[in-house]
Amino acid sequence: MVGITRTHTCGDLRPTDGGKEVVLCGWVATVRDHGGVLFADVRDRYGRTQVVFNPENRELHERAQTLRSEFVISVRGVVAVRPDGMQNAKLPTGGIEVIAREMDILNAAATPPFEVEGTAPVAQETRLKYRFIDLRRPEMQRNLFLRHKMIQCMRTYFDEQGFIDVETPLMIRSTPGGARNFLVPSRLTPGAFYGLAESPQLFKQILMVSGLDRYVQIVKCFRDEDLRADRQPEFTQLDVEMSFVEQGQIITLIEGMLARVFKQLLGKDIPTPFLRLSYDDAMLRYGCDKPDLRYGMEFREITDLGKESEFKVFRAVAEGGGEVRGFCAPGGGQIPRRGLDDLTAYVGPFGAKGLVWMRVEEGTLNSPVAKFFPPALQARLIERMGARAGDMLFFVADKPSVVLSALNELRQEVARRLKLIPPDAFALCWVLDFPLLEWNETEKRWDARHHPFTSPRAEDLDILETKPGEVKARAHDVVLNGVEIGGGSIRIHNPEVQKRVFRLLNISDEEAQSKFSFLLDALKYGAPPHGGIALGIDRLTMLLLGAESIREVIAFPKTQKGACLMTGAPAEVDPRQLKELGVRM
RNA sequence: GGCCCCGUAGCUCAAUUGGUUAGAGUGCCAGAUUGUCGAUCUGGAUGUUGCGGGUUCGAGUCCCGUCGGGGUCGCCA
């Protein structure tokens, strides 16, 4: 009997351990049976080690021949330094092997549905159904480990900064607006429901009123909305709130944390402070409130030049109050005609009626519409766009919203096609000065862009009711490689301002009183100015690892339909359970 | 709710214009094999082509529906 008491892991042993008697436990990764000598690689979380079964020990050798992939075994043996020519440079333990003296088969294993160390990608469906096998893959273990280290790094950082981790309820009152809540029926109050928290927003504000001053929590949030590659119905946030702060302090705090995360986990130095863009700026330069700054291709407006040209489309749009805007794709001159047609079709669904392209040559432009631009105008266009020979200019003419959204999509597509995105690059920025509200055309009313507790800028309080569309919020989003990884704001701490914002959002005094009285109360009893931010842990981990989906960094994720293929959730329940809950279908 | 892609052996894929008995690699099983490490060699088994209907002399292939997986728009304060 070897037993299960390990002396080392499968990643530990090195030539300096030569001669030691050791016990390893793990899974059989592969067996290579040479008839005489038989090799079995044993794998655990820490690595893999080659175990050698020699034919001299006949009983042991025969049992070794019954080993199959994924059997769980323990082995007692002696570490042997491998002679020259027999080392395996691909393995950290490749300098040694363990000569088996005893071996226990702790558990046999059925043939796994897919190879744990296979190279071919396995269908998502299969991986999720057999997630216990999938998570054995070294890549998944590395992902989960990095996630753990990141969270560890964050906790240490916030502890050093004096933050206190406070748990807030997940079963809360369902609140109107924002994400759809998952509902939990109350057995003790038939007909009433809890909502699963979409975020700890109000609780962390209440904690500020309570004087906790600096709060942090790594917390699950629940949103009953459609899934995406970077969206799961339950996900994890790093949630932060601070009292007596301005936006700058929150921003600096988070920059410090992210810089440390990048340094500790990836060894990368991220320059701080990050670039800060106003919302308006981000929209005009990138057509997007979460611009990917790993590459350039900023937009430039040429409405005035379009007006001077003979090109009817540009002139008509310019004179009709629209705008002409575009960007310069470096090296884009190589895009063939066919590719340009593809790109024109690509922007169609985003509302652009057409796409004007101009190939930049030495001081001139080559384009079907070049003839409408006299040489002097071409030169000014090239200068305005910062273009050089070999580049390609793209323009869209329409009303501003259409121009910006079409160019935004086009810019990203061109970056992909021209391979302008540097691998392993991390571009961080802040987007500030968001509009407080956005007009909901279907409901014909103003909605909170962030949430109803976001503070307007002090200088905009006067126009809150008169020009609500122009009011800016004291909100901040942090963006990494074109993905929003976090957002927050300075909150309203004045009950009167809070009431005005509720009114603006069409939340009546009665409704505000019935649903948010606790908040309005709290604000009355001495609420300090406060603000905070929340970061998406899953998304951040995904980006750090360069993964395509947050499923790669969540141990047990759900499918696009919100199902857990391993456990079969969601599932029907016993009618008696429903009856107890007072729920009828 | 809309649009798009995918579904063939355990896994990853192929199968010409709709045409003979649906193939390959890998895995699996058996045998051989004393230094491999993606071991090698020989042999073997494995299919409700997701499911249901339709068109056709004939459907993996075309059409309709449906289920499942993925991407995306809406949605996600």
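Below, read A as the first sequence line, B as the second, and so on, with proteins coming before strands; counting in each chain starts at 1.
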Flag, side chain of A:Thr49 to backbone of A:Cys10, donor-acceptor distance under 3.5 Å: yes
Atom-to-atom span, CZ of A:Arg48 to P of B:rA39 - whole angstrom: 8 Å
Sugar-phosphate only, base, or nothing, as touched by A:Glu409 at under 4.0 Å among non-hydrogen atoms: nothing
Nearest-nucleotide 5' precedence on RNA chain B, A:Arg539 against A:Asn88: A:Asn88
Distance, C1' atom - from B:rG58 to B:rC13, rounded to whole angstrom: 26 Å
Whole-angstrom distance between B:rC11 and B:rG27, as gauged at atom C1': 7 Å
A:Ser74 side chain to A:Arg76 side chain, donor-acceptor N/O pair below 3.5 angstrom: no
Nearest-angstrom distance, P atom, B:rG60 to B:rC4: 25 Å
Sugar-phosphate only, base, or nothing, as touched by A:Asp33 at under 4.0 Å among non-hydrogen atoms: base
Those residues of residues 50-83 of chain A lying under 4.0 Å from RNA chain B by at least one heavy atom: A:Gln50, A:Pro55, A:Glu56, A:Arg68, A:Ser69, A:Arg82
Euclidean distance, A:Gln201 CD relative to A:Thr454 OG1, rounded to 0.5 Å: 7.0 Å
Under 5.5 Å and under 30°: A:His34 stacked on B:rA39: yes
5' precedence on RNA chain B between A:Gly94 and A:Thr111 (nearest-nucleotide basis): A:Thr111
Point-to-point distance, once rounded to the nearest 0.5 Å, from CE of A:Met542 to CD1 of A:Ile485: 10.5 Å
Span that lies between the P atom of B:rG53 and that of B:rA45, in whole angstrom: 32 Å
B:rC67 and B:rC57, which share atom name C1', separated by this distance in whole Å: 32 Å
Spacing of A:Leu227 atom CG relative to B:rG69 atom C1', expressed in whole Å: 13 Å
Short side-chain N/O contact from A:Arg228 to OP1 or OP2 of B:rC73, under 4.0 Å: yes
Whole-Å distance separating the CD atom of A:Gln124 from the C1' atom of B:rC6: 13 Å
Atom-to-atom span, NZ of A:Lys558 to C1' of B:rG69 - whole angstrom: 16 Å
Rounded distance [0.5 Å steps], CG in A:Asp224 versus CD in A:Glu234: 12.0 Å
Sugar-phosphate only, base, or nothing, as touched by A:Asp447 at under 4.0 Å among non-hydrogen atoms: nothing
Any A:Arg231 side-chain N or O less than 4.0 Å from OP1/OP2 of B:rC73: no
A:Asp226, nearest nucleotide to its side chain (from B:rG1, B:rG38, B:rG69): B:rG1
Report all interatomic pairs (protein N or O, nucleotide N or O of nucleotides 7-10 of chain B) with separations under 3.5 Å.
residue, atom, partner, partner atom, Å
B:rG10, O2', A:Pro113, O, 2.6

Rounded distance (nearest 0.5 Å) linking atom CZ of A:Arg48 with atom CH2 of A:Trp27: 14.0 Å
Touch class at under 4.0 angstrom, heavy-atom based, for A:Glu97 against every strand present: base
Pair assignment for B:rG38, Watson-Crick or G-U wobble, requiring both distances under 3.5 Å: none
A:Thr30 side-chain proximity, nearest of B:rC76, B:rG38, B:rA39: B:rA39
Residue matched to B:rC3 through Watson-Crick or wobble contacts both under 3.5 angstrom: B:rG71
Touch class at under 4.0 angstrom, heavy-atom based, for A:Leu38 against every strand present: nothing
B:rU12 pairs with, by Watson-Crick or G-U criteria that keep both distances under 3.5 Å: B:rA24
Under-4.0 Å side-chain N/O to phosphate OP1/OP2 contact, A:Lys90 with B:rG38: yes
Length of the CD1-P vector between A:Ile550 and B:rG70, whole Å: 12 Å
Distance flag, aromatic centroids of A:Phe516 and A:Phe453, threshold under 6.0 Å: yes
Whole-Å distance separating the CD atom of A:Glu198 from the C1' atom of B:rC76: 10 Å
Span that lies between the P atom of B:rG2 and that of B:rG65, in whole angstrom: 11 Å
Side-chain ion pair, A:Arg445 and A:Asp447, N-O less than 4.0 Å: yes
Base-pairing assignment for B:rC57 (Watson-Crick or G-U wobble, both under 3.5 Å): B:rG19
Side-chain (A:Arg539) to main-chain (A:Asp230) donor-acceptor, under 3.5 angstrom: yes
Side chain to side chain contact (heavy atoms under 4.5 Å, CB included) between A:Val347 and A:Glu409, intermediate numbers included: CA-CA 7 Å; A:Val347 297; A:Glu409 302 292 341; 5.7 Å; no
Nucleotide B:rC75, atom P - distance to CZ of A:Phe182 in whole Å: 19 Å
Distance, C1' atom - from B:rU12 to B:rU34, rounded to whole angstrom: 34 Å
Polar side-chain contact A:Arg32-B:rG38 base: donor and acceptor under 3.5 Å: no
Option passing side-chain contact (heavy atoms from CB on, under 4.5 Å) with A:Ile99 (candidates A:Val51, A:Val79, A:Val52): A:Val52
Separation of the P atoms in B:rG52 and B:rC73, to the nearest angstrom: 35 Å
OP1 or OP2 of B:rG68 under 4.0 Å from side-chain N/O of A:Lys561: yes
Distance flag, aromatic centroids of A:His34 and A:Phe39, threshold under 6.0 Å: yes
Any strand: nucleotide that pairs with B:rU66 via Watson-Crick or wobble, under 3.5 Å: B:rG50
Shortest non-hydrogen separation from A:Ala109 to A:Ser69 and the atoms involved: CB-O, 4.0 Å
Euclidean distance, atom CD1 of residue A:Ile99 to atom C1' of B:rU34 [Å, nearest integer]: 13 Å
